[in-house]
Amino acid sequence: MSSLRSVAKHPIISLLDSATSLKRLKQIHAQLLINGTLNDPHLLGQFVATIAFNNPTNLSYSSLVLDQCDNPTLFTLNSLIRVYSKSSTPHKSFHFYKRIAESGNKVSPDNYTFNFLVRACAQILSRETGLLVHGSVIKHGFDNDPHVQSGLIFMYAEFGCLGYCHKVFEEIPEPDVVCQTAIISACAKCGDVVLARKMFDEMPERDPIAWNAMLAGYAQCGESREALNLFHLMQIEGVKLNEVSMVSVLSACTHLGALDQGRWAHVYIERNRLKMTVTLGTALIDMYAKCGNMNKAMEVFWAVKERNVYTWTSVIGGLAMNGAGDKSLELFSLMKKDGVCPNEVTFVSLLRGCSVVGLVEEGREHFDSMKTEYGIEPQLEHYGCLVDLYGRAGCLDEALNVINNMPMKPHAGAWGALLNACRMYKNMEMGELASRKIVELEAKNHGAYVLLSNIYADSYNWDRVSNVRQIMKAKGVKKLPGCSVIEVDGEVHEFFVGDKSQPRYDEIEIMLGEISRRLKLAGYVANTKPVLFDIEEEEKEDSLCKHSEKVAIAFGLISLKEGVPIRIVKNLRVCWDCHDVTMMISKIFNREIVVRDRNRFHHFKDGKCSCKGYW
DNA sequence: CACGACGGGG
């Protein structure tokens, strides 16, 4: 009897698996038509489904074959709904659903149909369609099918409708692990990780996928520490970790800038011989790049077997972030040579690369090529990059020109890029214009006020500085508290401005004094020019030596072995003074210091910084 | 004759 099975599967699938080109596919098709194999509607269905499944990026041929078929079976139509629901054109799933609906009573949808259809709705993010399909699910009586139920939860989570997710979930008398996992994932996706964790803890039994859902939930919400805690718990509980788990773990390390733990995760992956999927490889490269170890990122990049757009984009962006703009251009041409097509994100990274090294001409050319060569319409972010490109290079008029001529309404980011350039080149009038525009768009954008006050302070215009401050107070604009993170022995330490709760605060204080003393000996005069806007009034006096990154550096100096680079991640941009001071510390203490800023890296060594004042 | 060849969560 087992031969029956293999006979049914054998002829088509094995043939199609070897058909990599369209030409070969057509040959096989012709051959099957001649020998009559495709007269059997079931085999024809299998044929269509298999080519669709094997060529997810090019589904046109399978639809073509189907269109030539008078009476497709439900199996065939379901298969096509399924592959289209996962494709880049999920709305086409409905084309096949229509064929079912309009077939009279020849074929009627089943639970499979609705499972795939619900996922197509989730993909196209259309609530109206989703609700309509949900209605059909109920009408056809498939709302009891666990596959459809988990699909509905997934769909409503994609829509951000957590209430509907709960509604669906509560109507399931005895939800299985899959539905429970779906609801946990939905809670996390919609921003309620606490509830997700509660439901996770209440699960009668958790399989590895449920653990991964919780882990990914934390990682995606930016609850990186919780993600790492859960990762450790998983090891204690003996949960089997796989490549999917490690993507979340690496992402958490990336967020925190926790290079040691990231390295540890890398070792874990190798020791357990986890499958190095493209996603995992990219996560690993991204981790090294965003934790400031670009050399290692490149090493992994060349070592991985498979590289897709994400992989290339990650490395191009990493190089840009680390100030190696010329290198990111190089990688971009290699990527094209490799036959990988850039997407809109690739161009954001590439343009940033041009920007950090001042390659205005090249940047402009690449910007133009987006549309002409790749048919990608530049989006807001790309115009923002272009403004930044001109602005950083000192071409302020050109930058303003970009804003005035962009085809859509300029967003706060575009004006922000201009404002930053105005700060760099001390252009007060244009800076005022830019900040006014930003505040019009986003009344509570604290960054605009901070930059504007920096411009005023830079020209000793204290009246206007205090004026900005008053406006902020009146409007209730809160600045983001500065926070720096440093990892020591695999433990992540956070420092906020004026936070004295650290257990080793006394030692830190002593070290800060020591730094101060040695800086003065080296001829450093405190830079009181910038009135530091990211701190509270009360702390203003000793603010200059208490900025969170300085405290973190002091902590690094007392707790890390000599010769070990100090790596800091900051949630804001480094201020001028901290930048100066850090350069000097790197020389005086003969220490490499790597700071990950809000938008780029600063590698301090021998009194110099890799950004060369460009930030 | 009618079975079976598509499903779910990270």
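These numbers come from a predicted model, not from an experiment.
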Are side-chain N/O atoms of [X] and [Y] paired as donor and acceptor at under 3.5 Å?
X      : Y      : answer
A/Y112 : A/R82  : no
A/N229 : A/R225 : no
A/Y288 : A/H266 : yes

Taking [atom1] from [X] and [atom2] from [N], how many angstroms apart are they, rounded to a whole number?
X      : N     : atom1 : atom2 : answer
A/K86  : B/dG9 : NZ    : C1'   : 12 Å
A/I81  : B/dC6 : CD1   : P     : 16 Å
A/N212 : B/dG9 : CG    : P     : 14 Å
A/L77  : B/dA5 : CG    : P     : 18 Å
A/N115 : B/dG7 : CG    : C1'   : 5 Å
A/R119 : B/dC6 : CZ    : C1'   : 13 Å
A/E158 : B/dG9 : CD    : P     : 11 Å
A/L80  : B/dA5 : CG    : P     : 19 Å

Quiz question: going by heavy-atom distance under 3.5 Å, is there a donor-acceptor pair between the base of B/dG7 and the side chain of A/D145? yes
Could you check which residues of residues 218-254 of chain A get a heavy atom under 4.0 Å from DNA chain B? Sort them by number, please. A/N242, A/V244
At a heavy-atom distance below 4.0 Å, what parts of residues 166-182 of chain A sit against DNA chain B? A/D176, A/V177, A/V178, A/C179, A/T181
Aromatic ring proximity A/Y156/A/H134, centre distance under 6.0 Å: yes
Hey, do the aromatic rings of A/F159 and A/Y164 have their centres closer than 6.0 Å? no
Which listed nucleotide (B/dG10, B/dC6, B/dG8) is nearest to the side chain of A/F154? B/dG10
From B/dG9, B/dG10, B/dG7, pick the nucleotide closest to the side chain of A/D207? B/dG9
May I ask you to evaluate whether A/R82 reaches the phosphate of B/dG8, defined as a side-chain N or O under 4.0 Å from OP1 or OP2? no
Ion pair A/R263/A/D260, N-O distance below 4.0 Å: yes
Side-chain (A/H382) to main-chain (A/Q379) donor-acceptor, under 3.5 angstrom: yes
Verify the neighbour count for atom CZ of A/R567: are there more than 12 heavy atoms of other residues, nucleotides or ligands below 6.0 Å? yes
Partners passing side-chain hydrogen bond (donor to acceptor under 3.5 Å, both in side chains) against A/E158 (at least two apart in sequence or in another chain): A/K189
Does the structure show A/H147 stacking with B/dG7, if we require the centres to be closer than 5.5 Å and the planes to be within less than 30 degrees of parallel? yes
Face-to-face contact A/F75 to B/dA5 six-ring, under 5.5 Å, under 30°: yes
